[in-house]
Amino acid sequence: MKLLITGASGLLGINLAMEAMRKHEVVGVDRGKLQSAPFQVFSVDLPNQTVLDSILDSTSPDWLVNCAALANLEECEANPERAKMINVDVPAELAKACAERGIRFVHISTDAVFDGEKKDPYVEGDIPNPLGVYSQTKLAGEHATFSENPESIVARVNFFGWSLTNKRSLGEFFVNNLSEGKKVNGFTDVIFCPLLVNVTARLLLEMLKKNLSGLYHVVGRQAMSKYQFGMEVARTFGLSENLICPKSVLMSELTVKRSHNLWLSTHKLSTGLGREIPSFSTGVIEFYTQFQQGYPQKIRGYQHSDAF
Ligand SMILES: NC(=O)c1ccc[n+]([C@@H]2O[C@H](COP(=O)([O-])OP(=O)(O)OC[C@H]3O[C@@H](n4cnc5c(N)ncnc54)[C@H](OP(=O)(O)O)[C@@H]3O)[C@@H](O)[C@H]2O)c1
């Protein structure tokens with residue numbers, strides 16, 4: 001398969017590219033951060049349909065996976081028009097361009113489309129109720145994708161892992177601060193289903209191989225609080241658990257409203273793939289193994305030297 005990945009410099013994009021490269025041809029689209037990545041990269045500030053069309057025509061990928069997004073909640077609240085442009089208009093244009101060319105399209109969405117009020121795990125058929133600009137635009141991006149290209153895959157995700165900036169994921173937050181002996185808060189009342197981003201990437205690749213289409217929850221199969229997550233990371237890395245203070249998110253300084261319970265069912269995904277979703281503990285052990293083997297430095301080395 002040949003994959004075109006937009007948002008190739010992001011946390012998911014770079015790790016998806018690294019996983020996909022093992023067996024497939026990869027072409028990335030970024031905004032100029034990647035310099036010496038081990039795959040071909042085009043720099044485009046999206047939306048730029050003319051350039052994107054010519055990239056699609058010259059590379060003829062089998063799949064386009066859209067990992068580009070404005071994923072910072074505070075930035076989305078401050079600039080709703082930009083959030084709409086990147087999280088709604090871009091996927092709509094990409095979905096349309098793919099439909100016109102017979103290229104299969106995958107759009108990445110978020111677990112945060114739900115308000116967190118449900119007591120049981122959310123299934124794909126549950127009605128979303130996004131709480132802020134980020135999640136509202138992500139939900140609108142899902143709708144725009146399916147309306148332009150009904151055969152698309154839309155994957156609602158939540159992941160942690162190593163990023164180009166070394167500060168994009170919650171896993172990096174705990175490792176970086178605890179390694180420096182700094183105290184951090186761990187929210188006990190925010191529930192999510194984290195998956196190592198490389199596992200997310202492998203699951204996405206399996207979905208492509210199986211030719212799935214439709215809406216899927218591509219998250220971990222275990223729900224936990226952010227505090228529990230931090231404690232697991234600390235234990236695995238041999239860092240001090242005592243530095244993590246259990247705290248309620250209500251006592252935090254976060255201003256943008258966030259859902260407290262993002263427990264999503266992965267039943268549809270495991271049925272579609274015909275196998276269980278890997279456990280959280282295998283992911284966190286791999287996160288540590290990557291650290292020991294210098295994977296974070298390796299991927300950071302792919303960016304422009306003036307970005308360090
Ligand atoms: N991280 C999570 O746990 C999580 C949870 C739920 C959903 N998601 C979803 O997963 C997807 C990937 O998230 P991520 O964490 O990998 O995000 P990220 O690290 O912020 O990466 C976003 C990517 O989009 C690119 N981008 C932004 N604006 C662009 C533009 N105008 N033109 C071209 N590229 C642009 C960024 O380029 P630059 O590097 O140049 O900025 C970057 O490559 C997103 O759809 C996000 O909503 C993530």
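First listed ligand is number 1; within each ligand, the first listed atom is number 1.
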- Task: Going by heavy-atom distance to atom 21 (O) of ligand 1, choose the closest among G10, S163, G171.
- Result: G10
- Item | Exam field: side chain E148 to backbone E93, donor-acceptor pair closer than 3.5 Å | no
- Please determine, by modelled atom types, if E172 and N176 share a side-chain donor-acceptor pair under 3.5 angstrom. no
- Message: Which residue and atom name correspond to the protein heavy atom nearest atom 8 (N) of ligand 1, and how close is it?
- Response: V157 CG2, 3.6 Å
- Looking at E276 and R221, does any basic side-chain N land under 4.0 Å from a carboxylate oxygen? yes
- Note on the structure: Under 4.0 Å between heavy atoms, the region of V44 that gets near ligand 1 turns out to be backbone
- Query: Looking only at distance, does D111 have an N or O less than 3.5 Å from an N or O of ligand 1?
  - Reply: no
- Query: Quick one: which of I108, V29, L46 has a heavy atom closest to atom 10 (O) of ligand 1?
  - Reply: I108
- Residue pair N66 / H107, side-chain donor-acceptor N/O under 3.5 Å: yes
- Backbone N or O of H217 within a donor-acceptor pair of the E124 side chain at under 3.5 Å? yes
- Query: Are any of the N or O atoms of S9 closer than 3.5 Å to those of ligand 1?
  - Reply: yes
- Atoms of ligand 1 less than 4.0 Å from K138 heavy atoms? 44 (C), 45 (O), 46 (C), 47 (O)
- Can you tell which part of R156 has a heavy atom less than 4.0 Å from ligand 1: side chain, backbone, both or neither? neither
- Item | Proximity flag L70 to ligand 1, non-hydrogen atoms under 4.0 Å | no
- Just grab all the salt bridge (charged side-chain N to carboxylate O under 4.0 Å, His left out) pairs involving residues 5-19, residues at least two apart or on different chains. E19-R22, E19-R202
- Can you list the atoms of ligand 1 that are under 4.0 Å from a heavy atom of T110? 6 (C), 7 (C)
- Task: Would you verify whether the NZ or CZ of K226 falls within 45 degrees of the ring axis of F187 while also being under 6.0 Å from that six-membered ring's centre?
- Result: no
- Task: Please work out which of S43, C76, A69, S109 has its closest non-hydrogen atom nearest to atom 9 (C) of ligand 1.
- Result: S109
- Of the options Y295, F160, F159, F280, which is the one that meets F287 in a ring-ring contact (aromatic ring centres under 6.0 Å, His included)? F160
- For ligand 1, find out whether one of its N or O atoms is nearer than 3.5 Å to an N or O atom of G13. no
- Message: List the residues meeting side-chain hydrogen bond (donor to acceptor under 3.5 Å, both in side chains) with Y122, not counting sequence neighbours, and say none if there are none.
- Response: D115
- Got a sec: does the NZ of K2 have more than 12 other heavy atoms crowding it under 6.0 Å? yes
- Polar proximity ligand 1 side, A71 side, N/O cut 3.5 Å exclusive: no
- Message: I'd like to know whether ligand 1 has D30 as a neighbour, heavy-atom separation below 4.0 Å.
- Response: no
- So between F192, F159, Y134, F160, whose heavy atom ends up nearest atom 1 (N) of ligand 1? F159
